[in-house]
Amino acid sequence: MDQLFPSVGISVVRIFEKLGHTVDFKESILCCGQPAFNAGFWDESRDIAVRVLQSLSGEGPVVVPSGSCTAMVKNFYPELFRARSEAAVAEQLSRRTFEFSSFLVDQLGVTDLGSRFPARVTFHDGCHGLRELQIKRQPRLLLERVKDLTLVEMEDQTSCCGFGGTFAVKFPMISTAMGETKSASALSTEAEYLVSNDSSCLMHLQGLLNRQNKKLKTVHLAEVLASY
Amino acid sequence: MNEGKREAILGRIREAVRVAAPRPHEGSGRYDSNAIEVPQTSREWLPSVPLDAEGRLNLFREKCSQLRTEFRFLSGQEGAAAALADLRNKQKWTVLGSHHHPMLDPLVQSLGLETLYVEQHPQSKSLERCSVGITACDALIAQTGSILLTARSAGGRALSVLPPHHVVVASVDQLLPDLPAAFELLYEKYGDNYPSFATLITGPSRTGDIERILVLGAHGPRDLTIILLGTNA
Amino acid sequence: MSFTFASKFKIQATKVTADLDHRAKIRAALKSYETARDERKAQYQDWQAARHGAASIKWESLNHLDAYLVDFVTKLSARGTKVFWAGNAQEARDYIVALAKEKRAHTIIKSKTMTSEEIHLNEALRQAGYEVVESDLGEFIVQLRGEAPYHLVFPAMHLTRHEISDLFHEKLHSAPSEHPEELTMIARKELRFKYIQADIGISGANFGIAETGMISITENEGNGRLTTALPKVHVALMGIEKVIPRLSDLALFLPLLATAGTGQQITCYNSLIGGPRQSDEPDGPDEFHLVLLDNNRTQLLADAEQRDALHCIRCGACLNACPIFRNVGGHTYGTTYQGPIGSVITPHLRGLMDWKHLSYASSLCGACTEVCPVKINLHHHLLHNRRNAVASRPDPSERAAFRLFAFLTRYPGLVNRLARISRPLVPFVRVVKPILPAPIKGWLSSRDLPKIARESFRDYWKKR
């Protein structure tokens, strides 16, 4: 998000500031450690995660504009630090970490942000947000309130796009086949934008769409909601 | 017989389960995920069944039609005999297979065909000649449109599966609401003296192994008829 | 060896994922299943509670497996069943081959049993000179083709009616047909004779009931019933983990298995067998042998973290839901048990180092865990297998990469500067593709690289 999709972060900041909240960004954090964790390198992942725990010590809610990174901190940190000295801190951080759309809807009770996005869009559920965090309703509630936006659900809306972190480069043929199926479903909705709450899925899908010279553009939910 | 291997495997199991596994998590909310719910009955989770007799009968009828089981509800022996005679003529039955049972005997005799009784023909392969196997059963199950029968109640193992048509004759008081009731019945009825074979039959034999397209009569009977006799039967 | 299984998988996956016909075929085959399954699930008063209940029953039996197995076997033996405890595949095969010899068998008929695939029973029996015939239609088809089953539950789902027609024409000299019904009848006729002829029937078992000493067999075609009714000897092969405590538990498991497995409310035949023919019964086998198989199941049982993988009732729901399975197909796995459950348990049954690649060949999307009717934490166990593989023998270059990455995360400023410098280079990456490391090549095989933003979020934040 930092280097590839800074506008996602900027949008999140704008949305919360518009709602009257103060936003802080921890410059010391670069990654949650999920790539190493998923690859089986839990020691290396802990090395990264320990510093995330330190940087995010305190009380306030931590909001992450990615279902995948949220799931890492919320669901997998407790497992990563189980029976270790950091276990309690990891549990505490887990409890106050939220995915962006669920934070808006479930914690703040906000669905209408006064946004306007005049386009036909379809929504892709990132698997971690969907199945680790049970987030499905929240982004849709938010999109429904966006003025001039038409949401069209695609076929097999909950199937995986095929990114899967290092999976995408270890097994590119499978990842590509999954991505092709997903982007075909998205394309057949005739939407102009493919929206998701996970930039990593979008990076993969946009990469495929570009290679195929398709016009469909991917955009993060926060970017849609920050359009007025 | 091979006690050595038995003890070796059991030993490995005992060693393995010394540490308990994490308990199933994420209950539906209605169940405490820390307490192991060992359900006495799954009745409250499975598809619901009407409480009244008529509702059950209607559900059973509906299930039969979905399953392509031929279902006939008849008030007495005469109606049943006529229905069977009708089937005999239509399907040109030549040889019947059956077993002795007070409810079956008059019906089978009324058909006037050569009949192989399993009691006299224990060689089950001879049933291959039969156009139809006519049996009794232990129970019918409204929830699923199933028949519960055993080797003791329905003339052994082959009679209800080898001939191309299986006819079951049951009385209306044999209709049970659901699967939990069926297994309760099996348990209560036979105590420690179980038949060696019991089966729940739900519709005629079927397969979807070619392009997931439904075909009836894969290896078992292509036709399944249930004749349910009313109260005065 | 690790190189062999993993590289075979990659070669095969490359081939099958590019096969658009295959992709469409599997998708079409699963479409009607999905609709039926969802309709059935909706009829439950509480599907989630039913799953939880089933998982709890399995938890109970596995965590007291020794006691339940002893109960089960004691009851069976008391009614004349001969129980054989097989520690591994070899012992199970030897027992069954010796039995065939003792009975002077000629033809052996089998109903569907994945456990027999696991121990390669057919090969052993054939080598010993016996004719072995698979009677399940799907199994019969793949046996004629000399293939392994493509799917736990739908062995021939990868074939069209035309391919099956050609196969029957070639092997059985039947007239070609476009109709699944006619093709089914060709097989029915062919197999009828075999049931009558067979000396031994071999089946699997879906459940073992400890309370009453019975096995439960689930099927649709009736071939399981004929296999266990007509031959004079019946042999059932069952994994030790299949025992459940009570007869009444079937009221939950049978509909759950059918709903998850085929989208049926309950399958056509669910049979209970508790011994050979009893004296008051007209027919049935004179002998009933039950072979209980360990074959490294106790090793998986010993892993408390993954013990729930033994909950598996082999419904195949995780395969159907799995986008990896749908794209690589069942044969690519090279395992008896395909799909997510196979990827989880094969490393335990056949060695972690040889089979860890299956745990990596997953996007961890969790669709499998979501549909599993006995709540196996499938996709998390793939993570556990990866962790265990790294703990026992990490790939040195991967470890170096992750160590470097972990090190770099200490210096976000430095990374920011590196990213700024490399930004203008991204468009040229494709030009130098041949000399790039494999992961970047893998990405570029089908996808463009994302652009590095003109201004990073970090820089934006600083300027505010």
Side-chain angles (χ1 to χ4, degrees), chain B residues 2 5-6 8-10 12-14 16-17 19-21 23-24 27-28 30-31 36-39 42 44-48 118-119 122 124-125 128 144 146 151 155-158 161 179-180 183 187 194-203 205-207 209-213 215 218-220, chain C residues 29 32 43-46 48-50 52-53 55-56 59-60 63 65-66 84-85 87 137-138 156 161 164 180-181 183-184 188 196 220-223 225-226 229-230 247-248 250-252 255 265-266 268-275 277-278 281-284 294 298 301-302 304 307-308 375:
Chain B
N2 61 335
K5 278 163 195 162
R6 173 190 157 116
I9 294 171
L10 285 172
R12 288 202 288 272
I13 293 172
R14 290 186 185 117
V17 300
V19 180
R23 296 179 179 230
S28 68
R30 284 166 55 196
Y31 296 89
I36 284 304
E37 277 291 327
V38 177
S42 39
E44 50 194 297
W45 309 328
L46 296 172
S48 61
V118 291
E119 291 86 349
S124 58
K125 287 162 189 174
E128 175 67 8
T144 49
S146 309
R157 300 190 186 196
V161 72
L179 292 169
F183 288 105
Y187 196 84
Y194 289 104
S196 72
F197 175 83
T199 191
L200 270 171
I201 301 173
T202 311
S205 157
R206 61 197 55 215
T207 184
D209 272 348
I210 301 176
E211 293 188 13
R212 313 288 323 122
I213 293 165
V215 175
H219 291 290
Chain C
S32 60
Q43 286 167 0
Y44 280 66
Q45 295 172 75
D46 194 337
Q48 294 305 336
H52 188 68
S56 302
W59 186 95
E60 188 204 340
N63 284 277
L65 186 59
D66 49 338
F84 181 81
W85 297 74
L137 177 59
R161 63 185 82 180
I164 294 166
E181 180 148 9
L183 293 166
T184 303
R188 177 184 167 117
I196 307 285
N220 271 308
E221 297 181 359
N223 62 311
R225 289 193 56 194
L226 291 165
L230 301 184
L247 186 61
S248 61
L250 288 177
L252 179 60
Q265 51 166 2
I266 188 167
C268 195
Y269 301 109
N270 285 282
S271 304
L272 288 162
I273 292 168
R277 182 176 79 90
Q278 305 293 294
E281 293 167 0
D283 63 357
D294 178 352
T298 45
L301 191 72
R307 188 174 299 155
D308 68 350
K375 298 185 83 167

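Note on naming: letters A, B, ... go to the chains in the order of the sequence lines (proteins, then strands), and numbering restarts at 1 for each one. Model, not experiment: these values are computed from the prediction.
When atom types are taken as modelled, the side chain of C:Asn63 and the backbone of B:Ala21 share a donor-acceptor pair closer than 3.5 angstrom. Remark: side-chain polar atoms of C:Arg225 are paired, donor with acceptor, to backbone N or O of B:Arg157 under 3.5 angstrom. Between the side chain of C:Gln43 and the backbone N or O of B:Pro47 there is no donor-acceptor pair closer than 3.5 Å. Formation of a donor-acceptor pair under 3.5 Å by the B:Thr199 side chain with backbone atoms of B:Ile201 is not found in this model.
For C:Ile164, the part lying under 4.5 angstrom from a heavy atom of chain B is the side chain only. Both the backbone and the side chain of B:Val17 come within contact range of chain C, judged by heavy atoms closer than 4.5 Å. The part of C:Arg277 that comes within reach of chain B is its backbone (N, CA, C, O), which places non-hydrogen atoms under 4.5 angstrom from that chain. Using a 4.5 Å cut-off between heavy atoms, C:Glu281 touches chain B through its side chain atoms alone.
A salt bridge links C:Asp66 with B:Arg14: the distance from a Lys NZ or Arg NE/NH1/NH2 to an Asp or Glu carboxylate oxygen falls below 4.0 Å.
Most heavy-atom pairs under 4.5 Å with chain B, from the set C:Ala251, C:Ala50, C:Ala229: that is C:Ala251. Put simply, of C:Asn223, C:Leu226, C:Asn270, the one with the most heavy-atom pairs under 4.5 Å next to chain B is C:Asn270. The greatest number of non-hydrogen atom pairs below 4.5 Å with chain B, out of C:Pro282, C:Ala29, C:Gly275, is found for C:Pro282. Of the residues considered (C:Gly284, C:Cys268, C:Gly274), C:Cys268 shows the highest number of contacts with chain B, using heavy-atom pairs under 4.5 Å. Between chain C and the options B:Gly156, B:Ala158, B:Ser196, the largest number of non-hydrogen pairs under 4.5 Å is found for B:Ser196. Between chain C and the options B:Leu10, B:Leu200, B:Leu179, B:Val19, heavy-atom pairs under 4.5 Å are most frequent for B:Leu200. Interface remark: of the candidates C:Ser32, C:Ala156, C:Gly138, C:Pro180, C:Pro180 forms the most heavy-atom pairs closer than 4.5 Å to chain B.
Applying the salt bridge (Lys or Arg N to Asp or Glu O under 4.0 Å) test to B:Glu119 and every residue at least two apart in sequence or in another chain returns nothing.
A donor-acceptor pair shorter than 3.5 Å cannot be found between the side chains of C:Glu221 and B:Ser205.
In this structure, the side chains of C:Asp283 and C:Leu230 stay at 4.5 Å or more apart for every pair of heavy atoms.
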